[in-house]
> 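Below are the structure tokens for one structure; questions will follow.
Each chain gets a letter, A, B and so on, in the order its sequence line appears, and its residues count up from 1.
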Protein chains: 2
Amino acid sequence: MERSDFLKSVPLFSDLNREELRQIESISGEKRYRKNEIIFHAEDLGAYLFILKEGSVKISLQGREGREVILRILYPKEFFGDMALLDGYHRSATVTAFEDSKAVLINREDFLNLIGKHPEVALKIMSILSKRLRKADERIASLVFLDAHGKVARSLLDLIQEQGKKTEEGIVIDLKLRREELSDLAGLTRETTTRVLKDFETAGAIRRERKRLIILREDIIKREAEKSL
Amino acid sequence: MERSDFLKSVPLFSDLNREELRQIESISGEKRYRKNEIIFHAEDLGAYLFILKEGSVKISLQGREGREVILRILYPKEFFGDMALLDGYHRSATVTAFEDSKAVLINREDFLNLIGKHPEVALKIMSILSKRLRKADERIASLVFLDAHGKVARSLLDLIQEQGKKTEEGIVIDLKLRREELSDLAGLTRETTTRVLKDFETAGAIRRERKRLIILREDIIKREAEKSL
DNA sequence: ATTAAAGTGTGATCTATATCACAAAAAAAT
DNA sequence: ATTTTTTTGTGATATAGATCACACTTTAAT
């Protein structure tokens with residue numbers, strides 16, 4: 001896809017006119033990342049704003065001994081960047097390509113400049129950040145209130161919402177995500193996640209296939225996720 | 001304190017001039033809330049932006065049977081508002097006065113207007129939101145990685161950072177917060193929180209007094225909080 | 001195709017923390 | 001000042017989920 005067409009389709013820029021978009025095009029670059037490649041690390045400076053063009057990325061924090069939490073997964077048209085970009089403050093999360101991905105990069109200067117000239121863009125960013133904040137807050141509540149089944153259910157609902165495709169078979173999630181990744185998303189161990197998925201399968205709520213997951217009964221999953229929340 | 005002096009001291013408005021501040025003063029109102037009074041509920045519309053002038057408020061989500069998580073506590077000069085204010089979307093948290101409090105209110109329209117005219121304000125909001133998002137993300141990691149001692153330690157560090165006062169005795173936290181509130185902040189039960197505090201006291205890291213908490217050895221608390229993160 | 005590596009399912013423990021149940025202490029109400 | 005209510009400490013117990021261990025399966029590498 002042409003970069004200009006892509007930029008036009010990004011919600012962040014939806015209020016800009018042709019000329020303004022062309023300007024962004026001229027100041028932006030593009031980069032590709034291979035699956036599992038680290039796009040940037042917790043410690044790096046927030047020098048660029050990234051807009052994901054293809055693929056998906058995970059934002060995560062790591063604990064000791066290989067433990068990791070996935071904070072969120074982002075899909076095309078969403079932006080990210082060490083949030084130092086916005087608040088000048090550091091120690092943020094790690095961003096890793098979840099699949100082969102492409103991103104458009106705008107450097108910090110140009111981006112701040114853009115915002116100065118286009119308050120609509122700043123408003124959009126505020127809106128997206130507050131949406132993400134709300135999601136994070138709900139996640140905190142899930143971790144405190146829900147048991148293992150509830151946590152897995154919550155994670156599945158997020159995946160459904162972000163990238164589930166409705167088919168006659170059911171809702172298909174075809175990110176190839178390993179048990180371990182799902183468990184990092186739910187905040188559980190791999191083993192517990194496996195056992196929970198088996199229970200869901202036995203209950204007829206999901207079907208597991210080699211590399212996709214099919215949600216047969218969203219209602220059951222929803223009920224689990226709302227048990228205590 | 002005069003409202004105009006107060007507004008001038010709010011970081012959100014630090015780039016505005018005298019005239020602009022006077023304008024805000026003219027479009028804003030003021031309200032007082034008694035301790036434990038609900039300022040607004042999860043379901044309410046985001047009609048106003050609130051800027052806390054005196055006291056403190058807690059932002060929380062409730063689960064079943066009286067369970068609750070405190071997402072954050074806000075202090076004077078910080079803003080809040082159903083974030084529907086920004087993203088037009090609902091189902092947010094409940095805000096309750098933690099102590100007797102006063103807030104300045106600006107209605108949605110006027111506020112959006114203000115942002116349109118003053119990109120600096122939008123930038124400040126972006127910056128604050130991304131700071132809150134980062135904090136929420138770290139909290140998610142704490143809940144997944146840390147044990148009870150770590151979680152309590154993390155909560156104490158937050159309190160120290162936001163409102164600890166250094167004295168020769170140690171760092172004093174004089175929010176009168178009950179065990180239950182601290183446990184809602186840490187994501188634990190009241191009983192576990194009590195036991196952890198006792199351990200910290202035995203270790204000489206804190207001293208508990210009738211209505212204040214004194215941190216004697218911040219280093220011990222820090223070590224606990226970083227055990228696995 | 002065969003071998004190697006990575007990921008998954010599942011049983012058997014073990015343990016941290018929730019839960020339950022009071023008594024003691026403190027705060028609020030009369 | 002007494003009584004009532006709320007909050008706190010602390011023991012005893014139960015249990016969900018972590019941890020460990022290993023066979024089995026799938027995917028990747030040669």
> Would you mind reading off the distance between B/E181 atom CD and D/dT7 atom C1', rounded to a whole angstrom?
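Taking CD of B/E181 and C1' of D/dT7, I get 11 Å after rounding.
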> With under 30° as parallel and over 60° as perpendicular, where do the rings of A/F80 and A/F50 fit, or are they tilted in between?
parallel
> Tell me which of B/L177 and A/L188 sits closer to the 5' end of DNA chain D, going by the nucleotide each one is nearest to.
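Checking each residue's closest nucleotide, the 5'-ward one belongs to B/L177.
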> Does this structure show an ion pair linking B/E181 with B/R178, if we count only N-O contacts that are shorter than 4.0 Å?
yes
> In this structure, how many angstroms lie between the P atom of D/dA14 and the CG atom of A/D147, rounded?
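About 21 Å, once rounded to whole Å.
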> Calculate the interatomic distance between A/K35 atom NZ and C/dA6 atom P; express it in whole Å.
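Going from NZ in A/K35 over to P in C/dA6 covers 14 Å.
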> For the pair A/L185 and A/I73, evaluate side-chain contact (heavy atoms from CB on, under 4.5 Å) and give the outcome as yes or no after the intermediate values.
CA-CA 9 Å; A/L185 216 40; A/I73 297 178; 4.1 Å; yes
> Check this for me, if you would: do A/D158 and A/K135 make a salt bridge, where the nitrogen-to-carboxylate-oxygen distance has to be below 4.0 angstrom?
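Yes, A/D158 and A/K135 are salt-bridged.
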> Using atom CZ of B/F200 as one end and atom P of D/dG9 as the other, report the distance to the nearest whole Å.
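Whole-Å distance recorded here is 14 Å.
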> Locate the shortest heavy-atom distance separating A/T193 from A/L188; write the atom from each residue and the value.
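So the two residues come closest at OG1-CB, 3.8 Å.
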> Between the side chains of B/E209 and B/R212, is the shortest nitrogen-to-carboxylate-oxygen separation below 4.0 Å, so that they form an ion pair?
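Salt bridge flag = yes for B/E209 with B/R212.
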> Taking atom P of D/dT6 as reference, at what distance in whole Å does atom CZ of B/R178 sit?
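Interatomic distance, CZ of B/R178 to P of D/dT6: 11 Å.
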> Hey, can you pull the residues of residues 189-198 of chain B with a non-hydrogen atom under 4.0 angstrom from DNA chain C?
B/T189, B/E191, B/T192, B/R195
> Write down the distance between CZ (A/R208) and C1' (D/dT26), rounded to a whole number of angstrom.
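That distance rounds to 14 Å.
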> Going by an N to O cut-off under 4.0 Å, is there a salt bridge joining B/E169 and B/R207?
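Salt bridge between B/E169 and B/R207, a charged N being under 4.0 Å from a carboxylate O: yes.
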> Nearest whole Å is fine: how far is D/dG17 P from A/D199 CG?
11 Å
> Take atom NZ of A/K151 and atom C1' of D/dA18, then tell me their distance rounded to the nearest Å.
12 Å
> Treat a base pair as Watson-Crick or G-U wobble with both distances under 3.5 Å, then lay out DNA chain D in dot-bracket form, 5' to 3', with | for cross-strand pairs.
.||||||||||||||||||||||||||||.
> Would you find a donor on one side and an acceptor on the other, under 3.5 Å apart, between the side chain of A/R3 and the backbone of A/V104?
no
> Considering every strand and a 4.0 Å limit on heavy-atom distances, what is the contact class for B/R67: base, sugar-phosphate, or nothing?
nothing
> Look at the side chain of A/R64 and the backbone N and O of B/K227, then say whether any donor-acceptor pair between them is shorter than 3.5 Å.
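Judged by distance alone, yes, a pair lies under 3.5 Å.
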> Kindly say if B/R179 contacts the phosphate of D/dT7, meaning a side-chain N or O under 4.0 Å from OP1 or OP2.
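Negative; the distance criterion is not met.
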